[in-house]
Amino acid sequence: MIAKKVAQANKLAVDNGVEYLVNILESEAPELLQKREKQVKRVGLPELVNAEPGKVVLRFAPNPNGPLSFGHARGIIINGDYAKEYDGELILRFDDTDTTVKPPLLEAYQSIQQEAEWLLGFTPHRVIIASDRIDTYYAHVEIMLDGGFGYVCQCTGDEFRTYRVGMKNCPCRINTVNDNRQLWQQMLDGSFAPGEAVVRVKTDMTLKNPALRDWPALRIQDTITNPHPRVSIGSKYRVWPLLDFQSAVEDHLQGVTHIIRGKDLMDSTRKQKLLYQHFGWSYPETMYWGRVKVHEWGGFSTSQMRKDIEHGKYLGWEDPRLPTIAGLSGTGIQATALRNFWKELGVTQKDIAVPLATLYSHNIKIVDDDAPRIAFVRDPVKLTIEGFDEADVAVPTHPNNAELGDRIIDVSSGVVYVERSDLVNKSLRLKEFGDFEISGTTATFVSKERTDKRKIIHWVSQSTSDDGTLIQVLNDEICHINGRLESHSLSLNTPVQLERIGYGVISADNKVVFTHD
RNA sequence: GCUCGUGUGGUGUAGCCAGGUCCAUCAUUGCGGGUUUUCAUCCCGUCGACCCGGGUUCGAAUCCCGGCACGAGCACCA
């Protein structure tokens with residue numbers, strides 16, 4: 001019955017067009033006509049669940065084992081943007097609890113804060129350093145041991161792995177509170193070497209997910225051989241929390257309401273939720289994003305970059321070939337471009353690979369309206385001007401932005417430079433100057449106005465240009481391209497556009513670093 | 001192996017939870033054209049996608065089941 005009616009309606013729609021039905025509805029039952037707009041793309045980041053404006057606390061927690069990379073920018077930008085949008089707070093937390101595998105780098109504590117601020121456009125509301133908080137973590141270990149939901153385990157890694165896959169309890173699991181208390185003191189006082197004892201969170205060895213079975217919370221590190229790089233910490237502690245424990249406790253202590261992180265940490269969330277249950281705490285809302293690769297770079301690991309720099313493969317963290325924030329900003333990528341880029345990708349759990357062209361297009365949108373045009377002549381050839389009497393020519397600094405005014409170029413010397421490769425044509429127009437006929441090394445003035453469709457090239461006057469260098473990465477090599485750079489009074493780090501070449505950034509009086517086409 | 005997650009044009013992304021004007025959004029890239037004294041910017045046009053197979057339903061990108069593919073976790077790294 002209903003089916004028949006619907007079929008009838010559908011047929012009407014096909015025969016008479018949807019308009020017809022809409023009209024009937026409008027006259028007979030207007031309340032059924034729910035306005036559903038044509039599809040619109042959602043703008044901005046998705047809403048946070050359970051978020052009360054003014055009470056949202058988020059955090060970004062890098063290991064300071066190097067300065068920030070392109071990938072870290074996502075964490076800062078997304079978390080920071082939510083904090084801003086919800087009038088909440090962003091915590092910058094240094095998770096520097098490993099002194100052996102990924103040891104922290106002293107300089108990174110400073111540089112990360114600066115880079116974070118550059119990326120965000122504001123200063124993180126709180127800064128926490130995990131290595132300052134070890135005593136607090138110890139206090140929570142003691143609660144855990146006393147509460148019977150943690151124990152000191154003396155099994156080797158291999159032994160425990162066998163228990164984990166076999167879903168069997170390890171012998172240490174039945175330690176009494178007193179046993180654990182005593183063993184804990186022994187961990188602290190140096191009776192155990194690294195690997196001889198760990199503190200575990202007691203969950204359940206029969207849990208479906210093997211990752212969650214009695215997971216390790218703290219371990220011993222040889223901080224005599226590998227002292228913590230912060231002098232105030234150095235060799236002070238032997239027992240260090242692992243990420244899952246440290247992060248869980250700290251998030252609770254700081255009142256974090258929302259955690260947004262990589263989906264590789266999904267099991268971390270599950271482990272931490274089990275710990276929160278033991279403590280009687282409630283876990284923050286969590287969101288995840290997938291892994292990002294950039295076509296041109298592949299993946300990027302801080303540890304690998306650090307090795308390559310130490311081996312001299314790269315100049316340093318700010319090397320323009322490196323996907324670090326320092327490298328990117330040094331080549332003229334703007335913080336706003338990075339922000340827009342990451343916000344556009346959002347927080348999907350898909351693993352993706354994006355082309356650099358996407359980032360570049362964001363950067364062009366930020367930079368182009370205000371980037372002064374400036375000429376750089378590669379492989380310069382000196383030409384003598386004939387038949388032009390005026391002392392100078394005025395060239396607009398920006399073709400679409402008159403506010404930037406004109407560049408007055410003195411040509412009274414009668415000598416200009418042009419690019420050698422442009423000289424395959426003998427009839428040329430020097431941009432904003434005039435039409436010329438080239439013969440040997442003389443350029444004879446023809447007309448100020450355009451007389452034909454001859455090719456337009458860029459040029460510099462000898463007296464208003466200097467020897468300069470364009471620094472450009474080509475095939476993973478840093479190339480220093482010498483030429484003549486138009487004289488300018490632009491300050492350092494000004495984004496410019498080299499006419500007919502591409503965008504760049506002033507890196508010294510006579511040096512420009514190439515950004516992109 | 002166990003566990004978890006993801007699959008929309010070349011690349012990203014919206015829509016999916018609350019099935020119907022979704023012959024699927026927006027951006028980027030490619031291609032074509034226009035403006036322009038830059039091979040830039042800007043503008044216009046155009047190509048191009050719901051992983052596969054079943055099921056539920058009058059109707060499925062959207063719900064269910066099963067495959068397949070890819071990724072991650074199972075570290076005394078973060």
Side-chain angles (χ1 to χ4, degrees), chain A residues 2-10 13 17-19 21-22 36-43 46 61-63 65 95-98 100-103 153 156-157 160-161 164-165 167 194-200 207-213 215-221 240 242-244 246-247 262-268 270-271 288 290-292 295 302-303 341 344-346 348-355 357-362 364-365 367-369 371 373 375 395-396 398-401 429-435 449-450 454 456-458 497-503 517:
Chain A
I2 293 171
K4 251 185 187 166
K5 288 286 178 196
V6 173
Q8 238 174 46
N10 284 340
V18 178
E19 308 293 317
L21 281 185
V22 171
R36 169 155 180 170
E37 289 132 46
K38 185 78 185 159
Q39 192 165 349
V40 187
K41 184 179 164 83
R42 192 205 69 230
V43 283
N63 177 354
N65 63 337
D95 279 354
D96 57 344
T97 55
D98 178 80
T100 315
V101 184
K102 292 179 180 171
C153 171
T156 65
F160 193 83
R161 188 168 305 123
R164 181 172 48 230
V165 302
M167 297 169 97
E196 289 181 353
V198 296
V199 177
R200 291 187 182 282
L207 252 20
K208 276 204 327 183
N209 186 341
L212 311 185
R213 298 172 194 156
W215 53 272
L218 297 96
R219 82 321 203 168
I220 297 165
Q221 297 191 92
W240 284 81
L242 288 151
L243 169 103
D244 291 317
Q246 178 271 131
S247 179
K263 68 172 183 180
D264 53 315
L265 262 23
M266 274 182 163
D267 281 343
S268 212
R270 297 183 182 104
K271 290 187 217 174
Y288 308 92
R291 200 221 321 105
V292 176
H295 291 291
T302 303
S303 314
F341 173 87
E344 185 177 82
L345 294 197
T348 64
Q349 293 185 24
K350 269 198 272 187
D351 296 326
I352 56 171
V354 290
T358 307
L359 210 214
Y360 292 161
S361 82
H362 280 291
I364 288 170
K365 285 184 174 66
V367 146
D368 186 73
D369 285 346
R373 270 43 180 176
V395 178
H398 194 294
N400 320 313
N401 186 351
R429 179 170 183 84
L430 303 199
K431 190 165 181 284
E432 301 285 355
F433 187 175
D435 285 359
E449 302 307 318
R450 296 202 71 173
R454 67 184 63 196
I456 298 163
I457 64 167
H458 67 292
Q497 195 214 59
L498 300 179
E499 290 190 329
R500 299 213 299 144
I501 295 174
Y503 295 87
D517 290 333

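We name chains A, B, ... by the order of the sequence lines, and we start the count at 1 in each one. Values reported hereafter were calculated over all heavy atoms of this structure, with side chains retained and with hydrogens, waters and symmetry mates removed.
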Pick base, sugar-phosphate or nothing for A:Ala371, based on heavy-atom distances below 4.0 Å to the nucleic acid. nothing
From B:U3, B:U38, B:A78, pick the nucleotide closest to the side chain of A:Leu242? B:A78
Distance, rounded to the nearest Å, where A:Met266 contributes CE and B:A72 contributes P: 14 Å
Quick check: do A:Val354 and A:Phe341 have side-chain heavy atoms less than 4.5 Å from each other? yes
Rounding to a whole Å, what distance do you find between A:Asp267:CG and B:U3:P? 12 Å
What is the distance, rounded to the nearest whole Å, between atom NE2 of A:His362 and atom P of B:U28? 8 Å
Which part of the nucleic acid does A:Gly195 contact within heavy-atom distance under 4.0 Å: base, sugar-phosphate only, or nothing? base
Applying side chain to side chain contact (heavy atoms under 4.5 Å, CB included), name anything that partners A:Lys263, two or more places apart in sequence or on another chain. A:Met266, A:Tyr288, A:Gln349, A:Asp351
In this structure, how many angstroms lie between the C1' atom of B:C77 and the CG atom of A:Asp98, rounded? 5 Å
Taking the side chain of A:Thr358 as heavy atoms from C-beta outward, which of B:C74, B:A40, B:U28 is closest to it? B:U28
Can you tell if the side chain of A:Glu196 reaches within under 4.5 Å of the side chain of A:Ile220, non-hydrogen atoms only? no
Any side-chain N or O of A:Lys208 under 4.0 Å from OP1/OP2 of B:C4? yes
Over how many whole Å does the gap from A:Gln349 atom CD to B:G12 atom P extend? 16 Å
Rounded to whole angstrom, note down the C1' distance from B:U29 over to B:G67. 33 Å
Is any side-chain heavy atom of A:Arg200 less than 4.5 Å from a side-chain heavy atom of A:Trp215? no
Calculate the interatomic distance between A:Gln497 atom CD and B:U41 atom P; express it in whole Å. 8 Å
Can you measure A:Asp351 atom CG to B:U13 atom P for me and round it to whole angstrom units? 10 Å
No-hydrogen, no-angle side-chain donor-acceptor test under 3.5 Å, A:Asn209 and A:Asp267: yes
Can you tell me the Watson-Crick or wobble partner of B:U57, both distances under 3.5 angstrom? none
Donor-acceptor pair present, A:Arg373 side chain and B:U38 base, under 3.5 Å: yes
Considering only the P atoms, how many Å lie between B:U62 and B:C51, rounded to the nearest integer? 8 Å
So A:Tyr503, base contact, sugar-phosphate only, or nothing? Heavy-atom distance under 4.0 Å. sugar-phosphate
Taking only side-chain N and O atoms of A:Lys365, does any of them lie within less than 4.0 angstrom of OP1 or OP2 on B:U28? yes
What is the distance, rounded to the nearest whole Å, between atom CH2 of A:Trp215 and atom C1' of B:G73? 14 Å
B:A40 base to A:Arg500 side chain: any donor-acceptor pair below 3.5 Å? no
Is A:Thr97 near enough to B:A78 that one of its side-chain N or O atoms lies under 4.0 angstrom from OP1 or OP2? yes
So which nucleotide does B:C4 pair with, by the Watson-Crick or G-U wobble rule with both distances under 3.5 Å? B:G71
For A:Gly157, which contact category applies under a 4.0 Å heavy-atom criterion: base, sugar-phosphate, or nothing? base
Given the C1' atoms of B:U21 and B:G15, what is the spacing between them in whole Å? 15 Å
